[in-house]
Each structure stands twice: as C-alpha cells, then as structure tokens.
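Order of the sequence lines sets the chain letters (A, B, ...), proteins ahead of strands, with each chain counted from 1.
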Amino acid sequence: MPQLLKPNELSDSYYLDNFNCLIDFVFAHYETLLCDEEKHFYAQFTKLPENAQRLFIRLLSRNGDYARTTKLNYSEIPDLKKALEKLTASGFITPAHIDQIADWQSLFTRKELSGTLALPSSQIASLNPQAVATLLTTSDLFGTSPLDSLLESEHIVQINFQECYTIFRLLFFGNLHQDLSTFVLRDLGVRKFESYLTDTDNLPFQCRKQIDAHLLYYRCVDGYEFAEDTGAASLIELHAQLPEKSKSDTTLNRKIDRFTNRIARQLERENHLQDAVRIYRSNIQPPARERIARIEATIGNESAAFELCQQIEKNPADAEEKEFSQEFAARLAKRVGIDYYRPEKNKPAEIQLELPNSNLPVEFIAALHFAKSGKCFYVENSLVTGIFGLAIWDIIFAPIPGAFYHPFQSAPADFYESDFYHARESLFKQRFIDFKKGCLSKVVLTHFHNKSGIRNPLVQWPYLNRYLITLALKKIPLTDWLKLFEYLLKDIRHHRSGLPDLINFPDTGRYSLLEVKGPGDRLQKNQLRWMQFFKDSNIDHAVVNVAYLDEATSRDSETETLLTEHSIHFE
DNA sequence: ACAAGAGATACAGAC
DNA sequence: GTTGGGTGGG
DNA sequence: GTCTGTATCTCTCCCACCCAAC
Ligand SMILES: [Mn+2]
Ligand SMILES: [Mn+2]
C-alpha cells in the first residue's frame with residue numbers, strides 16, 4: 001500500500017529503499033566488474049528478511065567495524081534479537097574476536113573503562129589504544145581479565161562486508177564522499193538536483209583495474225594523516241603506493257596529481273627537498289613546477305629554476321602558472337644581475353574610504369556607504385557566475401554521453417574539463433546567437449523561476465533574488481555580459497572565482513565592480529586577473545581600500561535601519 | 001566536485 | 001555544574 | 001615601511017544527544 005507523503009517527508013522505509021536503489025543499480029550495470037565476494041554480498045543481502053536488512057544498513061552507516069548490541073535501539077526494527085541472529089547466520093555480522101579489537105576507547109566510554117581498569121579517567125585519556133587493549137586483556141592470578149567484567153552483559157559484533165559496500169558506493173557515485181545521506185538530503189528538499197536522465201550506456205567504470213585504482217587512491221588518502229605524523233619516509237612510501245596514472249581516467253589522474261602535490265609540499269616542510277622535487281616531477285598539476293622552480297632557486301640552482309620558468313611560460317597550465325613563471329624569472333634574473341624583460345604590472349584603480357567601524361564585515365560597511373547614492377550588493381562570484389549559470393542552464397544539463405551517471409550530480413562529469421565547451425559547441429553557438437537577438441533576460445528569468453533551488457555549479461541560490469537579477473540585466477549592457485560569459489568559458493574552473501565583492505549601481509547610471517580591502521588585506525592573484533579583464537573590457541572597476549575612523553563600536557540605529565532595508569541579517 | 005576550494009587574516013623575512 | 005565537539009538521524 | 005611567501009582559520013542541511021573537558 002503506497003504511502004501518501006507530504007513533499008519533504010520520508011517514507012518509513014526510506015533508508016532501505018535508498019540502499020536497494022544503490023545496490024540494485026550497481027548490480028544491474030556493473031555485475032561483470034564485481035568480484036565473487038561482492039556478488040555474494042549482493043545475492044545474500046537480497047535474501048535477508050526485511051528487518052535484518054534494515055539492521056544491517058543501520059550498522060553500515062555507523063562509524064567503526066564493531067558495534068555493541070546493547071546500544072542498538074531502532075523503533076522500526078522491533079525484533080532486534082531475531083535480526084541479529086539472521087545477520088549472524090548469513091555472515092553479515094560475526095561475534096567479535098576480542099583480541100582483534102584494537103580501539104576500545106571508541107567502543108566504551110572513559111567512565112566505563114576507568115571503572116573496570118580502576119584508573120582515573122584522566123589517565124585513560126592519555127593512554128594509546130594499544131596500552132588500553134593490553135590492560136584490558138591482561139589476566140590476574142585467577143585467570144580473569146578486566147575485560148571479563150566489562151563484557152559480562154555486552155555483545156560486541158563485527159560488521160562485515162564493509163569493503164563490498166564501499167565498492168558499491170564507489171561504483172554508484174563515482175566517488176566515496178557521497179553516501180546514503182545524499183538520498184535523504186534530496187528527499188528532505190535540502191538539496192535539489194536537476195532531473196536529467198542518467199546515461200547508463202556510458203558509465204565511468206570500464207574495468208576492474210580502474211575500480212581498484214580508485215580504491216587504492218582513497219586508501220592512500222586515508223593513510224595521509226598517519227604518514228604526515230610519522231615523517232618523511234612514510235610520506236615517500238605513501239607516494240610509492242599510489243596507483244599508476246591511467247591513460248583514460250583523467251578524473252583519477254587529477255586526484256592523484258593533487259594528492260601527490262600535497263605529499264611533496266609536506267616533504268618540503270620537512271626539508272626533504274630532493275624527494276619533494278622528485279615527486280613533483282611526476283606531476284603535471286600546478287603548483288608542481290612552481291614548487292620545483294622555487295626549490296631550485298632556494299638551493300642555489302638559479303639557472304635550473306630560470307630554465308624551468310621559461311618552459312612554463314612556453315606551455316603554462318593556467319594563467320596563475322604563467323604569471324608565476326614571468327615574475328619569478330624576472331626576480332631570478334635580477335638576483336643574478338642579468339637584464340631581463342619584466343611584464344608590466346597592472347595597478348587597478350583604487351578608491352580610498354575612511355569609514356566608521358560599525359562592527360560588520362568590511363564588505364557590508366563599504367556597501368552601505370555606496371548605497372547612500374545608489375544600489376550596492378555584496379555578491380562576490382555569485383552574480384556574474386549565477387547569471388551565466390541561469391543563461392546556459394539547459395546546456396549544462398544537456399544529455400552529452402557520459403555526462404550524467406547518477407541522480408545526485410550538481411554538474412556534468414566533464415564540467416571542469418577543458419573540452420566542456422567543445423562537447424557542447426553547437427549548443428553554445430546557438431545560445432550566443434539567441435543572446436544577441438535579445439533573449440538573455442528572458443532565458444535567465446525563466447530559469448530563475450523554474451529551477452529555483454536546484455543545484456548548478458555556477459549558481460549559488462542564497463545570493464540571488466529577482467530584484468538583483470532584474471536590475472543587473474537592465475544596467476549591464478549585453479555586450480558586457482557577452483564578454484563576461486566568454487571569459488568565464490575560457491577556463492571555467494579558474495574563472496568562476498575571484499570576482500569582486502561588490503556590484504554598485506550608482507543613481508547617476510552605469511555600474512561598477514568593487515573589490516573591498518580592509519586594513520591588512522590585499523588583492524589575490526585571481527582577483528587581480530579579473531581587474532585586468534575589466535580594464536581590457538572597459539568595465540568600471542576599482543579596489544576600495546577601507547580605513548577605519550575609530551575602534552569597533554556596536555551598530556547604531558541608523559545602521560540597523562540600513563541593514564533592514566537591504567535585507568541583511570546577522571546573528 | 002572528491003579533507004575542498006574560496007576568501008580573509010596573521011606573521012615572518014627580504015629589500 | 002556548564003559547554004562544545006563528535007556522532008547519528010531525518 | 002612595502003612586497004612577498006606561507007600558514008591558518010572558516011564553511012558547507014539542521015537538530016538532538018552524549019560524552020569529555022575548561
Ligand atoms: Mn570577498
Ligand atoms: Mn574583499
């Protein structure tokens with residue numbers, strides 16, 4: 001009998017349904033890539049009675065490999081004992097072998113442990129897991145250990161098949177950071193996703209080797225913290241364990257490269273420069289080459305550093321890397337006393353303001369100042385990026401092969417890839433023609449209305465409202481929008497950030513983009529690049545330097561009124 | 001959109 | 001006694 | 001007294017609870 005549900009209400013079998021949805025999808029589309037144990041896991045799970053299924057899912061979504069059965073209490077699982085028996089009989093859980101339990105502190109409270117060990121709880125806190133285990137399992141003259149009393153009325157079970165579930169999650173989501181809560185958040189209406197069709201003919205995993213590589217990568221990431229604490233040798237070993245980069249899996253390659261950079265950077269901090277350089281060299285992702293150049297310069301290898309800078313300049317991975325290579329080369333040349341061309345520095349226009357410190361974020365202080373003679377909004381990336389996202393909404397979610405492979409994506413799989421545009425070129429070309437015919441406002445406002453709250457990699461809904469959008473579309477000329485869009489499209493990954501804090505629409509007309517800087521703050525590289533773009537595109541812009549007239553005071557009533565008028569709310 | 005970018009803030013060292 | 005971080009849950 | 005590099009902090013639904021600390 002189907003339940004009648006209010007829009008944001010969960011059915012009483014929600015997590016069972018969600019889990020089934022996940023594993024059924026994986027089994028249906030990836031059966032040939034599953035190993036015997038995984039297939040066994042799936043087959044056995046589907047044979048379990050519903051109550052046992054429920055309990056197992058509950059156990060899987062807890063932390064840790066073990067659970068105390070006395071701590072389990074679920075109103076939707078009436079016969080816990082029977083469910084536990086079923087799970088034990090089918091091998092989904094097993095009574096724990098106490099000598100395999102390494103971490104007793106996460107299973108029992110300090111108080112419980114200090115009681116049985118007859119030690120002050122402060123001392124328990126300072127013991128390492130190994131020590132606790134030893135104390136607990138050491139028998140006295142009568143052959144009894146503290147553990148015996150602790151476990152008198154306890155059953156600890158080991159939760160099995162966690163690895164299988166991990167694989168299923170990986171295959172379903174394509175990553176390990178999403179889990180069953182993703183379903184819940186969608187069904188509660190917290191996160192809305194576009195309702196595209198998933199392309200089951202072009203799923204991301206093609207062979208078992210690829211799956212294992214992903215899994216290994218995640219294992220290495222898990223091991224990072226320990227390796228960092230253990231020292232350089234562990235970090236080097238960790239790097240050696242990383243999966244080989246594959247020919248086709250650019251997503252995984254990118255992850256490996258980022259992680260590699262993280263390892264090498266830590267080696268730098270620990271002063272293992274040779275190893276850091278060696279590891280950076282295996283890597284294309286910025287800032288690997290930059291780091292190598294810096295290290296070479298530090299250890300007195302200026303010529304090697306200089307040469308690398310020239311290589312980078314010839315073939316930069318992105319604007320940031322290119323700028324680095326030019327500036328650093330010039331710096332090196334100067335240091336060695338060689339004459340060398342230095343790119344002229346862009347100094348954006350500046351506005352100096354002296355304002356009372358009303359104890360608000362400096363962006364609001366500045367915005368309220370400009371609001372006295374116009375309309376001013378604190379938008380950062382959200383306006384330009386958001387308008388663009390609304391303007392090309394249907395292109396972002398167009399059914400390109402392989403773009404969508406599960407229902408919880410906020411972007412197509414290739415959104416940040418350099419060929420995102422080319423895979424949709426005809427759609428974009430047509431859309432830009434339409435814009436030139438004057439349909440920009442209509443497309444944007446239609447999507448703003450129809451897609452409200454739905455996730456889109458370019459749209460941050462909380463910052464957008466109809467008034468702001470309408471005003472921006474009216475005050476910013478189409479030619480400027482087209483230039484902005486074109487610039488965004490050149491490198492979406494990097495160009496979606498660094499936009500100025502404020503957009504100002506003075507009463508006298510026009511508009512300008514303002515980056516606010518309080519005392520001690522300075523322009524970031526990407527912010528400066530946007531300023532350069534505005535200059536090249538003839539778009540009003542400035543850096544607003546705010547100095548405070550006084551110490552921070554509490555907000556006066558005048559400020560409160562302004563805040564209310566601008567729908568700004570704090571604490 | 002893979003414990004991340006995305007921005008602000010703090011401080012040290014170079015010059 | 002209070003808080004605040006961690007965790008589980010819808 | 002600037003300019004640079006680097007490290008560090010804050011934040012992702014939101015609520016109830018439990019436990020460990022200041
Ligand atoms: Mn900002
Ligand atoms: Mn700012």
Side-chain angles (χ1 to χ4, degrees), chain A residues 8-12 14-15 18 57-64 67 71-76 105-106 108-114 121-122 124-125 169-170 173-192 214 217-218 221-222 224-225 228 251-252 254-259 262 265-266 268-269 287 290-291 294 297-298 324 327-328 331 334-335 345 361-363 378 380-382 385 406 408-417 453 455-458 460 462 492-494 496-501 515-527:
Chain A
N8 292 340
E9 208 173 316
L10 300 180
S11 84
D12 57 20
Y14 74 92
Y15 62 85
N18 297 340
I57 298 164
R58 287 292 199 189
L59 291 172
L60 273 185
S61 51
R62 287 175 163 231
N63 279 343
K71 296 288 174 188
L72 303 174
N73 176 25
Y74 299 107
S75 61
E76 80 280 7
Q105 279 130 315
S106 62
F108 292 90
T109 66
R110 293 251 194 295
K111 216 166 127 193
E112 288 168 326
L113 290 173
S114 83
S121 103
S122 58
I124 303 284
R169 266 169 56 218
L170 177 64
F173 290 114
N175 60 60
L176 285 184
H177 66 100
Q178 288 180 291
D179 55 30
L180 285 180
S181 73
T182 307
F183 288 81
V184 176
L185 292 180
R186 175 197 59 182
D187 295 339
L188 288 174
V190 174
R191 277 182 202 157
K192 296 190 199 170
H214 277 251
Y217 160 78
Y218 280 106
V221 170
D222 279 344
Y224 178 80
E225 207 172 333
E228 187 183 307
T251 315
L252 181 61
R254 190 187 148 78
K255 291 184 198 178
I256 293 172
D257 281 347
R258 311 236 89 190
F259 185 59
R262 196 166 140 209
R265 191 71 185 82
Q266 183 59 26
E268 275 190 72
R269 292 190 190 97
E290 171 180 337
R291 296 312 313 170
R294 287 189 189 283
T298 310
F324 162 79
E327 281 162 26
F328 201 65
R331 193 173 300 266
K334 193 180 163 193
R335 197 203 288 186
K345 255 195 201 160
V362 66
E363 293 85 356
Y378 178 22
E380 277 183 343
N381 305 314
S382 61
T385 252
H406 69 81
F408 307 97
Q409 294 174 233
S410 51
D414 62 341
F415 185 72
Y416 297 103
E417 303 292 321
R455 290 174 83 94
N456 175 310
L458 296 174
Q460 299 167 265
I492 299 188
R493 170 171 253 130
H494 300 288
R496 57 203 273 273
S497 61
L499 279 133
D501 294 315
E515 171 55 41
V516 181
K517 289 297 169 199
D521 197 4
R522 67 177 114 124
L523 272 185
Q524 299 175 51
K525 297 265 177 75
N526 56 352
Q527 294 175 330

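Of all the heavy atoms in Leu59(A) and Ala67(A), the pair that sits closest is CD2-CB, 3.9 Å. Between Gly453(A) and Lys192(A), the shortest heavy-atom contact is O-CB, 3.7 Å. Arg110(A) and Ser121(A) get closest at one heavy-atom pair: CD-O, 3.6 Å.
Residue contacts shown for Arg291(A) are limited to sugar-phosphate atoms, with no base heavy atom under 4.0 Å away. Residue Gln409(A) is classed as having no contact, given no heavy-atom separation below 4.0 Å to the nucleic acid. The residue Tyr218(A) sits close to a base: some heavy atom pair falls under 4.0 Å. Here Arg493(A) lies out of heavy-atom contact (under 4.0 Å) with every strand. Among the heavy atoms of the strands lying under 4.0 Å from Lys517(A) are primed sugar atoms or P, OP1, OP2 only; no base atom is included. Residue Glu515(A) is in sugar-phosphate contact alone, with no base atom involved, counting any heavy-atom pair closer than 4.0 Å across all strands shown. Looking at heavy-atom distances under 4.0 Å, Thr251(A) makes contact with a base. In this structure, Lys334(A) reaches neither bases nor backbone, as no heavy-atom distance under 4.0 Å exists between it and the strands shown. At the heavy-atom level, Phe324(A) lies nowhere under 4.0 Å from the strands shown. Counting any heavy atom pair closer than 4.0 Å across all strands shown, Gly189(A) reaches no nucleic acid atom. Residue Glu76(A) is out of contact with every strand shown, counting any heavy-atom pair closer than 4.0 Å.
Distance noted for atom C1' between dA16(D) and dA3(B): 26 Å (whole Å). dT2(C) sits 32 Å from dC13(D) when the P atoms are compared, rounded to a whole Å. Distance noted for atom P between dC15(D) and dA1(B): 22 Å (whole Å). Taking the P atoms as reference points, dC14(D) lies 32 Å from dG1(C), given to the whole Å. Between dC9(D) and dG8(C), the two P atoms lie 26 Å apart (nearest whole Å).
Set against dA1(B), dA7(D), dG7(B), the side chain of Arg455(A) has dA1(B) as its closest nucleotide. Across dT4(D), dA3(B), dA8(B), the shortest atom-to-atom separation from the side chain of His177(A) is found for dA3(B). For Gln524(A), the side-chain atoms get nearest to dG7(B) when compared with the rest of dT4(D), dG7(B), dA1(B). If you check dG5(B), dA8(B), dA3(B) against the side chain of Arg258(A), the one that comes closest is dG5(B). Checking dG9(C), dA20(D), dA3(B) against every side-chain atom of Arg62(A), the shortest atom distance belongs to dG9(C). Comparing dA4(B), dT6(D), dA8(B) by their nearest atom to the side chain of Arg522(A) picks out dT6(D). Side-chain proximity of Gln527(A) to the nucleotides dA8(B), dC13(D), dA6(B) is greatest for dA8(B). Distance from the side chain of Arg191(A) is smallest for dC13(D) among the nucleotides dA1(B), dC13(D), dG5(B). When each of dG9(C), dT4(D), dA4(B) is scored by its nearest atom to the side-chain atoms of Arg331(A), the top-ranked nucleotide is dT4(D). Counting only heavy atoms from C-beta on, Arg262(A) has its side chain closest to dA4(B) among dA1(B), dA4(B), dC13(D).
Regarding Asn63(A), its CG atom lies at a distance of 13 Å from the C1' atom of dG9(C), rounded to whole Å. The interatomic distance linking Arg265(A) (CZ) with dT8(D) (P) rounds to 11 Å, in whole Å. Separating the CZ atom of Arg269(A) from the C1' atom of dT6(D) is a distance of 9 Å, rounded to the nearest angstrom. At whole-Å resolution of the value, CD in Glu268(A) and P in dG5(D) are 13 Å apart. The distance from atom CD of Gln105(A) to atom P of dG5(C) is 21 Å, rounded to the nearest whole Å. Between the P atom of dC3(D) and the CZ atom of Phe328(A) lies a distance of 19 Å, rounded to the nearest Å. Counting to the nearest Å, the C1' atom of dC13(D) and the CZ atom of Phe183(A) are 17 Å from each other. Rounded to a whole Å, the CD atom of Glu417(A) is 15 Å from the P atom of dA1(B).
One finds no side-chain N or O of Arg186(A) lying less than 4.0 angstrom from the OP1 or OP2 phosphate oxygen of dC13(D). Distances shorter than 4.0 Å separate none of the side-chain N or O atoms of Asn381(A) from OP1 or OP2 on dG5(B). Side-chain N/O atoms of Asn8(A) include none lying less than 4.0 angstrom from OP1 or OP2 on dC13(D).
More than 90° away from 0 lies the glycosidic angle of dA7(D), which makes this nucleotide anti. Nucleotide dT12(D) is shown with a syn base, its glycosidic torsion being within 90° of 0.
Of the inter-residue distances, the one linking His177(A) atom NE2 with Arg169(A) atom CZ reads 10.0 Å to the nearest 0.5 angstrom. Rounding to the nearest 0.5 Å gives a distance of 10.5 Å between CZ of Phe408(A) and CG of Asp179(A).
Listed for the Asp501(A) side chain is a donor-acceptor partner under 3.5 Å among the backbone atoms of Val516(A). Side-chain atoms of Thr385(A) never come within 3.5 Å of backbone atoms of Ser382(A) as a donor-acceptor pair (strictly under, hydrogens ignored). A donor-acceptor pair is defined here as one N or O able to donate and one able to accept, closer than 3.5 Å; no such pair exists between the side chain of Gln527(A) and the backbone of Gly498(A).
A 3.5 Å limit on both hydrogen-bonding distances identifies dC15(B) as the Watson-Crick or G-U partner of dG1(D). Across every strand in view, dT12(D) sits unpaired, with no contact that passes the Watson-Crick or G-U test at under 3.5 angstrom.
No side-chain heavy atom of Thr251(A) sits under 4.5 Å from any side-chain heavy atom of Asn175(A).
Nearer the 5' end of DNA chain B, as judged by each residue's closest nucleotide, is the contact made by Ala411(A), out of Ala411(A) and Val362(A).
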